[in-house]
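Quick note on labels: first sequence line is chain A, next is B, and so on, each numbered from 1. We use all heavy atoms of the structure for the numbers below, so side chains are in, but hydrogens, waters and symmetry mates are not.
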There are 4 protein chains.
Amino acid sequence: MGSTPRRGDTRQRIQDVALELFAEHGYEKTSLREIAEQLEVTKAALYYHFKTKEDIVLSLFQDLGRPMDELIAWGEQQPRTLETKQELLRRYSAAMDIGEPLMRFVQENQATVRELSIGQIFKNRMLAMSALIRDPEAPMVDQVRSVTALFCMHARMFALQTVEGDPEDKREAVLEVALDLLTQAHASSSTHG
Amino acid sequence: MGSTPRRGDTRQRIQDVALELFAEHGYEKTSLREIAEQLEVTKAALYYHFKTKEDIVLSLFQDLGRPMDELIAWGEQQPRTLETKQELLRRYSAAMDIGEPLMRFVQENQATVRELSIGQIFKNRMLAMSALIRDPEAPMVDQVRSVTALFCMHARMFALQTVEGDPEDKREAVLEVALDLLTQAHASSSTHG
Amino acid sequence: MGSTPRRGDTRQRIQDVALELFAEHGYEKTSLREIAEQLEVTKAALYYHFKTKEDIVLSLFQDLGRPMDELIAWGEQQPRTLETKQELLRRYSAAMDIGEPLMRFVQENQATVRELSIGQIFKNRMLAMSALIRDPEAPMVDQVRSVTALFCMHARMFALQTVEGDPEDKREAVLEVALDLLTQAHASSSTHG
Amino acid sequence: MGSTPRRGDTRQRIQDVALELFAEHGYEKTSLREIAEQLEVTKAALYYHFKTKEDIVLSLFQDLGRPMDELIAWGEQQPRTLETKQELLRRYSAAMDIGEPLMRFVQENQATVRELSIGQIFKNRMLAMSALIRDPEAPMVDQVRSVTALFCMHARMFALQTVEGDPEDKREAVLEVALDLLTQAHASSSTHG
DNA sequence: AATGAATGAGTCTTCATTCAT
DNA sequence: TATGAATGAAGACTCATTCAT
């Protein structure tokens, strides 16, 4: 009584709660008991919907990771121009907003993720993005610039928490810096390379 | 027979093995049994040297985190000039080399670290570094540049693993990019702000 | 599509699969999930046909154990002669062929069967057969011979697996040995007793 | 109070209780909780002495199965004469007395044992004994006789429970029947073969 | 300086069973 | 004639921790 016993959406609700707790306290420290309690179901109910604890994480990746996969697929069919890369960053920034809790989970549980079956999946995604944005022939400094452009967008999620300001402002500022870095990488490369 | 029974350095050896395993498999997934087994002592022996599991981590921070604390202390006594900040980045880069395993541990176990007693310690360090390098009055983009300058040095530890090249070259390239970002932040700030 | 959806024989199919799995992996280690999966139905479907897991076993005994019950009933109405006992062995040998999987199940899950409701049923059957074949007044050696005559037929099912040869040959050989034992028991008894 | 807290013999006591319960209720139905409760220790204490539940069974085999292994070793170094085989049966009968609870456990948990790591060990023992006692060149009936001679000794443990009489008398009677069977196997073989 | 033995709390997981549909 | 969703009880096992020696 009180909360309406929602039907058919249990699987979804498990995913939501699990992701939240995994990101908050870490994968290992989050027990299935906790998840179940928060949902007011039994542990066994979780097992009706997911084969194992790890399976929950896997499903999160499959469901929430799609935007990123699509972005990579898109990128791979574009010409390797500066414009493409810029657009890539813009879309990455947007994708990170949607998949934010998942991203945070990965960021904060790297050691764990690496040992989970999704570890490889995630690593491959990173490799693919990296390959799209940098030019392996360019001087090291420029490769670093490109990778940093990508990587610094993650900074939003924790390094920038210390900085005051509107989240949307931050997002834009980060994107601007990233695009800058990318431009510099290109300018220099076309000169030196 | 066979292995020399080292004397008096057990405490040190525990720290070494623990840090390695914590960084490798994560804090939660590393059991005291594992640590003890790798050292060929009993679990109880660990308790002779450390009060709790968390205590091991704490000791690691106290012993390996000193360079960073000293860096902050140094920074706080310098004038807030561009030169100071540049030197800060240079020293940070060096400090990261020494405390690398510890840094990796923190990077890869953020969710866990946050819930450990060292969480606050570490967060304070980050805040202090952030305060030293950025100017809270500057436009957001420049603050982002400064923070990114600091933050991107961590990229070395995993984002840049996908890039081929000599580690020392990478270190220098990263530092160069970081210094660049810092300079841009300043140039722009003095103009706009 | 593909597999014909058999109608009306589900109960039978459950029994078949269950007996096979019970005999193969043991009663306790065989879960209703496994049975259901192998039949491509849900666990709940099993409960439409049987009240409990134990009920499946019970039904197996009722359906497959009839030959043995009939044999006992027949034996009890015959005169207690050597010829009767010989015929008993012959029919037992035949009955064991039909009820083989059930017999194997019992053989291999004695500890379990004893604690199931069929335990008593089965024990009674054994007692009845034993009572039919041996003479409680005869010397111990002869009683042992008689019981062994009965008991050794079970040997076929596992002790004789190590012996090469045609199954039918084995069956006959075993029967011959059993009949021999019986004859010896009688010869000696009529002399000594 | 009441029971003296015995020291150092915990491992042994675990084995004793475990074997008793395994034989009584079956391996699967016996939980570690039960064993622990009967010993008035915690489940975790069992894990200090044995790595897994299966490990307890394994240790029982290693400790209690030795007589049987020694018997096989002895048999393999004797000439393949009738006398040897007779002695084999006599010693087998004696060995079965010592290892009786273990034997009962195996008898009554065949399905389980087969899936445990000891399954193979035990099967090999059976094969070895079988190989020692029968002559693969002899006619099938005689091979059956030999195998039955061996096998019928197990009858004592359950088939003969229905027969009244002193256990020692039974033991002797069974042995006599077994030796008889063996002699018959030989007599016939040397004539026919 | 360290061990052997043990504990209590908790983990993930599986199972037989139920019931509304 | 079944299924989808769920439960309560229990299972094996692991862990950090303690303490007498």
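- Note: CD (B/E28) to C1' (F/dT14) measures 14 Å, nearest angstrom.
- C/Y27 does not carry D/K29 over the face of its six-membered ring by the limits of under 6.0 Å from the centre and within 45° of the normal.
- A/Q107 approaches B/Q110 most closely through the heavy-atom pair O-NE2, 3.3 Å.
- If D/R11 and C/Y27 are placed on DNA chain E by their nearest nucleotide, the residue sitting closer to the 5' end is D/R11.
- One finds no side-chain N or O of B/T42 lying less than 4.0 angstrom from the OP1 or OP2 phosphate oxygen of E/dA2.
- The phosphate of E/dA16 has neither OP1 nor OP2 within less than 4.0 Å of any side-chain N or O from C/T52.
- The neighbour count for D/E20 CD, taken as heavy atoms of other residues, nucleotides or ligands under 6.0 Å away, does not exceed 12.
- Contact between the side-chain N/O atoms of D/S31 and the OP1/OP2 oxygens of F/dG11 is found at a separation under 4.0 Å.
- Between A/K43 atom NZ and F/dA10 atom P the separation is 13 Å, expressed in whole Å.
- DNA chain F is contacted by both D/T30 and A/V41; A/V41 maps to the nucleotide lying nearer its 5′ end (nearest heavy atom per residue).
- In this entry the distance linking CG of B/D55 with C1' of F/dT17 reads 13 Å, nearest Å.
- A sub-4.0 Å separation between OP1 or OP2 of F/dA16 and a side-chain N or O of B/R33 is absent.
- For the pair C/K29 NZ and F/dG11 C1', the computed distance is 12 Å after rounding to whole Å.
- For E/dA6, one of the phosphate oxygens OP1 or OP2 lies less than 4.0 angstrom from a side-chain nitrogen or oxygen of D/T10.
- Spacing between atom CG of A/L32 and atom P of E/dT13 amounts to 7 Å, rounded to whole angstrom units.
- Partner assigned to F/dT14 is E/dA9, using Watson-Crick or G-U wobble distances below 3.5 angstrom.
- With a 3.5 Å ceiling on both atom-pair distances, the Watson-Crick or G-U wobble partner of F/dA20 is E/dT3.
- The C/K53 side chain lies nearest to E/dT17 when the options are E/dA6, E/dT17, E/dC12.
- Atom P of nucleotide F/dT14 and atom CD of B/E37 are separated by 11 Å, given to the nearest angstrom.
- Closest to the side chain of D/A44, out of E/dT7, F/dG4, E/dT17, is E/dT7.
- For C/Y47 and E/dC15, the OH to P distance is 12 Å, given to the nearest whole Å.
- If you take CD1 of C/I56 and P of E/dT17, they are 9 Å apart, rounded to a whole angstrom.
- Of all heavy-atom pairs spanning A/L32 and A/Y47, the tightest one is CD1-OH, 3.1 Å.
- Looking at which nucleotide of DNA chain E each of C/E34 and D/L46 is closest to, the 5′-most match is held by D/L46.
- Nearest heavy-atom pair, B/L58 versus B/S117, reported as atom, atom and distance to 0.1 Å: CD1-OG, 3.6 Å.
- For the OP1/OP2 pair of F/dA2 and a distance below 4.0 Å, the side-chain nitrogens and oxygens of C/H49 include at least one atom meeting the criterion.
- Here A/Y48 does not reach the OP1 or OP2 of F/dA6: none of its side-chain N or O atoms lies under 4.0 Å away.
- Of all nucleotides listed (F/dT7, E/dC12, E/dA6), E/dA6 comes nearest to the side chain of D/A45.
- The number of heavy-atom neighbours closer than 6.0 Å to CD of C/E34, taken from other residues, nucleotides and ligands shown, is above 12.
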